[in-house]
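Scroll down for the structure; my scribbles are underneath it.
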Amino acid sequence: MGSCGNNKTADEKKAETTNSTSDNQNKPNILFIVVDDLGYSDLSPFGGEIRTPNIQRLADNGLIVQHCYTTPLCAPSRAMFMSGIDNHISGIGAMSPFQAANQYMQPGYEGYLNDRVMTLPETLRENGYHTYMSGKWHLGHEVGRRPFERGFERSFTFLGGGASHFSNIFALGPEEWIHTVYMDDSVQVKKLPEDFYSSTYYADKMIQYITEQKDEAPFFGYLAFTAPHDPLQVPDKWMDKYKGAYDKGYDHIRQVRMENMKKLGLIAKDLPLNPGSGEYKKWNELSAQDKKIEARRMELYAAMLEIMDLEIGRVLEVLQKAGKLENTLIILIGDNGANPKDPSFYKTIMKPFDNSLENMGKPNSFVSLQGAWAEVTATPYSYFKTTTGEGGVRVPFIISGPGVAVKGVDATNKILGTDIMPTLLEITGTKRPDTFENNKLAAMTGTSFNKMLRDHKSAVRDEKNGFGIESLENKAYLKGDWKIRFLMPPFGDGKSWQLFNLKEDPSEQHDLSEKYPDKFHEMLSGWMEYTQAVGYIPYYGGRAYSVLGPENFFKAKLDSTNRALIGRATLELQRGGE
Ligand SMILES: [Ca+2]
């Protein structure tokens, strides 16, 4: 594909572009795969010991962009992918239901993709694409905000942030019930098939949509897995696939991955081992029983990723058999780092769950990876999901297919989640209008990296073009080799910023804010400019969910009742502070 006919006459060319069939043949299909809570070095092309041969093949035939950034949480990262716009503008300034009272229903903080957004599928659809989605949405459960209402022609979706991976639909916790909902196109699914397993079913649906397509128009497929988000669960036959693989503990796996990454050219040969945050017990401090439990967490997590890889392989095989693989642009990305939380974070009532060692990973268990392994999965980077440490916001990114001329590893350029949509629009020759359904759209804040895919050298976010990241008051600003970082407790003090040189110290071990005060202040002013440009609202007044109560909160309206409640709470908070 891709021959535009260099020897053709102008008339022939014109005939070609006005003929829709031939025009469509020049537009690639797009398969956009998102992995949920993925550690940076889990996958084999990134140094992982987990078996991911299909993803390896994608990397072997494509390009890894080593410095790819998102946000530290699911919904704001997905908002970046689906809009090309900073999450403080698109409606996910804070992940719902975590908005503060002063952020509630303010522009950019609605908790769903707002009317200033024309989504990626809405835009591609205008350019003749079929648009399919299966998997996790997390960008609005309200009427008018669901995938089938935001551009997807066919969709099987989970609207929330996470749930059981089996057919026994249970929410992560009480606050999650409202969007613990599956939709089959526009119909709510009350009962999942008995043998439902998330990754397998999502792949099945994507395969169904691709194979049921009758015409030759290109498609956009958004395959948003919920693996390996907790609860860590696998079908019985997968339970012991990694038995014993993690018995040597945290530092052993860190070492293995470091060695692999050095061989792959992903890190410098002399980069020291990241000692970890020090927040968790060392392997040799654990009891024999605790070692078994810890090893089991990672065994289940690895098996979940291998299953997902297998399911990706099935989708690729179907594309190949249909003769569509060669003309399909494939992107694989993680939405944020691995998850350090334990199930109590969700306020889950643990009683109905059986989390005994023998039962871990089964449908009636609720097991999470937790912090010690989560930071190992980020090797060699620091921290994990929820934080703006590199382990939270630097994610695996692979792109392969038509238009990706450069192969191997791009180790110099930085890209951000918002850059993907403008890139895909440029590759497919799609123009996003300035208004959509009578709403004036916000400008996309992302920048196309299409040129970078062709020559490696076209920096998108260089030493002049910094970018900010913020999620629940965890903050970062990056420019060139430099980064400032602000972490909330328990991992930071919630008061101060640190400065790192990522080129020399990618593991963020040496705070240089005192050594380089001028650079530090330059980066802080970059952060201030960023917050003003996107309309960031600092968190104040406690959680709106607590102030308003679930019923008022989920009305998703700043009406007179909610205004009065928020006003009173803010006043009380101010009085309390006096
Ligand atoms: Ca996630």
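The first residue of the sequence shown is numbered 1, and numbering continues consecutively from there. The basis for the numbers below is simple: all heavy atoms, side chains too, and nothing from hydrogens, waters or symmetry mates. Counting convention: from 1, in listed order, for ligands and their atoms alike.
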Run the ring-centre check on Y209 versus F219 and record whether the distance is less than 6.0 Å. no

Cation over ring face, R51 and Y242, 6.0 Å, 45°: yes

The Ca ion (ligand 1) neighbourhood, protein N/O/S only, threshold under 3.0 Å: D36 OD1, D37 OD1, C74 SG, D335 OD1, D335 OD2, N336 OD1

Less than 4.5 Å apart, any side-chain heavy atom of T71 and any of E470? no

For this output row, return yes or no: ring centroids of F486 and W527 closer than 6.0 angstrom. no

Which residues share a ring pair (Phe, Tyr, Trp, His ring centres under 6.0 Å) with Y202, sequence neighbours left out: none

Given the side-chain rings of H138 and H179, with only the six-membered ring counted for Trp, is the space between their centroids under 6.0 Å? yes

